[in-house]
Amino acid sequence: MARVLVGVKRVIDYAVKVRVKPDKTGVVTQGVKHSMNPFDEIAVEEAVKLKEKKLAEEVIAVSVGPAQSQEVIRTALAMGADRGVHVEIPAAEYELLQPIHVSKILAKLALDEKADLVILGKQAIDDDANQTAQMTAAVLDWPQGTFCNKIEKTDAGLTITREIDGGLETIKTKTPAVLSADLRLNTPRYATLPNIMKAKKKPLKKVTAKDLGVDTSPRIEVISVEDPPVRQAGATVADVDALVAKLKEGGHI
Amino acid sequence: MSQLRSKVISLYKHLQYLGREYPGLNGPQKFRKQIHDAFMNHKDEQDPKKIVALLAQGRYLAKEVEALYSLKKYRSVKQRYSYND
């Protein structure tokens with residue numbers, strides 16, 4: 001029986017068109033729909049599945065971020081997590097918070113809560129860092145199973161099928177371990193309204209980074225955030241000769 | 001009968017809740033109106049058997065909508081994070 005820690009991040013919803021602020025210091029987040037990072041949903045689903053298979057006894061959802069991050073913890077609780085931990089970071093500080101800080105926080109929590117397994121999404125769809133799981137494993141000095149496609153419990157530990165370039169890789173790890181969920185690990189369930197209501201009664205602990213003894217002072221400075229280059233309009237040509245002439249002109253042939 | 005009544009109400013609430021993120025222009029409003037109309041069409045239904053059948057139909061619809069959302073999300077994330085196909 002194991003205790004599972006799942007990391008959930010509140011990000012701008014996948015369906016929203018992201019806009020850059022006019023002063024180029026970041027993206028517009030005010031009045032924009034936010035939801036749980038899709039890869040974290042997969043991680044929560046996997047943890048809840050482990051619990052349903054009686055391979056885990058408790059699922060703890062953790063989110064690091066400003067006050068609104070509690071929303072995604074509630075969603076995780078509605079999906080079936082047992083309790084939540086919210087590590088509150090002031091909004092101003094959160095903008096410069098990086099995976100290294102988050103991984104230290106998660107590592108500390110994993111030890112404090114005596115977790116046997118940490119499951120995270122492989123990356124967040126806002127900063128696309130893909131570092132938190134790897135760094136958490138490094139800080140804890142635990143084995144890591146990244147980009148999980150399938151997680152199976154075996155006698156001594158876990159057998160994990162990983163998604164790698166051009167195929168799948170199967171590895172065995174001991175527990176405790178840190179895993180990161182890839183897209184095809186499972187299909188997350190929908191958090192229904194009655195479950196969201198019930199989730200409000202589940203315990204949610206609030207701590208700060210200072211309580212955990214983690215220094216969250218920024219290590220980077222944002223110089224400028226810019227839109228990706230706009231794709232240039234194409235043109236139609238009358239016939240093959242015109243096409244060849246155009247290609248020659250452009251230096252393609 | 002009263003048990004059925006509460007089941008109908010909770011199904012209605014669930015469908016209205018699902019409608020919040022229905023895709024398309026005015027998607028949520030349209031979807032919620034359709035659900036409302038569908039329930040109103042059968043408001044005088046008294047036969048318990050028929051009500052049970054309608055409830056099953058409604059639950060089937062709810063499952064389909066949930067599947068639609070999850071597929072939509074899966075597809076857009078897959079499109080953004082796959083490089084080889």
Side-chain angles (χ1 to χ4, degrees), chain A residues 9 11-18 32-45 71-72 74-75 78-79 121-130 146-149 163-168 180-199 228, chain B residues 2-36 38-39 52 54-85:
Chain A
K9 185 176 186 182
V11 297
I12 294 181
D13 191 77
Y14 80 99
V16 171
K17 180 128 178 45
V18 178
V32 169
K33 187 186 173 201
H34 284 68
S35 55
M36 193 196 293
N37 177 30
F39 292 107
D40 293 346
E41 277 181 344
I42 297 169
V44 173
E45 175 68 30
E71 295 162 17
V72 294
R74 294 282 177 210
T75 314
M79 287 172 77
K122 71 162 178 173
Q123 68 192 74
I125 59 166
D126 54 357
D127 58 10
D128 285 325
N130 188 352
T146 48
F147 316 123
C148 293
N149 182 282
E163 295 210 2
I164 55 171
D165 284 351
L168 296 170
S180 77
D182 208 324
L183 187 59
R184 279 165 281 271
L185 181 58
N186 57 42
T187 315
R189 67 195 67 188
Y190 197 82
T192 58
L193 192 56
N195 284 341
I196 291 173
M197 290 307 180
K198 276 180 220 155
Chain B
S2 65
Q3 279 177 338
L4 276 181
R5 188 181 148 77
S6 71
K7 278 183 186 161
V8 171
I9 292 173
S10 71
L11 176 66
Y12 180 77
K13 281 186 178 166
H14 180 51
L15 284 166
Q16 290 292 337
Y17 175 75
L18 277 177
R20 283 184 327 157
E21 43 181 312
Y22 200 79
L25 188 67
N26 287 333
Q29 287 93 319
K30 272 188 207 157
F31 182 82
R32 287 175 151 183
K33 176 113 183 24
Q34 279 172 358
I35 294 297
H36 183 81
F39 275 74
V52 170
L54 287 168
L55 273 172
Q57 194 192 338
R59 288 197 187 114
Y60 173 75
L61 179 74
K63 281 265 169 269
E64 290 283 291
V65 174
E66 281 174 29
L68 168 77
Y69 292 167
S70 99
L71 194 64
K72 188 166 170 270
K73 186 180 278 183
Y74 172 81
R75 281 199 176 145
S76 48
V77 174
K78 184 179 179 234
Q79 198 185 11
R80 282 176 216 174
Y81 292 104
S82 301
Y83 304 103
N84 12 356
D85 46 319

Q) Mind checking whether B/Tyr69 and A/Tyr190 have parallel, tilted or perpendicular rings, split at 30° and 60°? A) tilted
Q.
Could you measure the distance from the OG1 atom of A/Thr192 to the CD atom of B/Glu66? Nearest 0.5 Å is fine.
A. 7.5 Å
Q) Which value, rounded to the nearest 0.5 Å, describes the distance between B/Lys78 atom NZ and A/Leu183 atom CG? A) 8.5 Å
Q) When you measure from the side chain of B/Arg80 to the backbone N and O of A/Ile125, does any donor-acceptor pair fall under 3.5 Å? A) no
Q. Is the shortest side-chain N to carboxylate O distance from A/Glu41 to B/Lys73 below 4.0 Å?
A. yes
Q.
Aromatic contact between A/Tyr14 and B/Tyr74, with the criterion being ring centroids under 6.0 Å apart: yes or no?
A. no
Q | Contact class of A/Asp13 relative to chain B, heavy atoms under 4.5 angstrom | A | neither
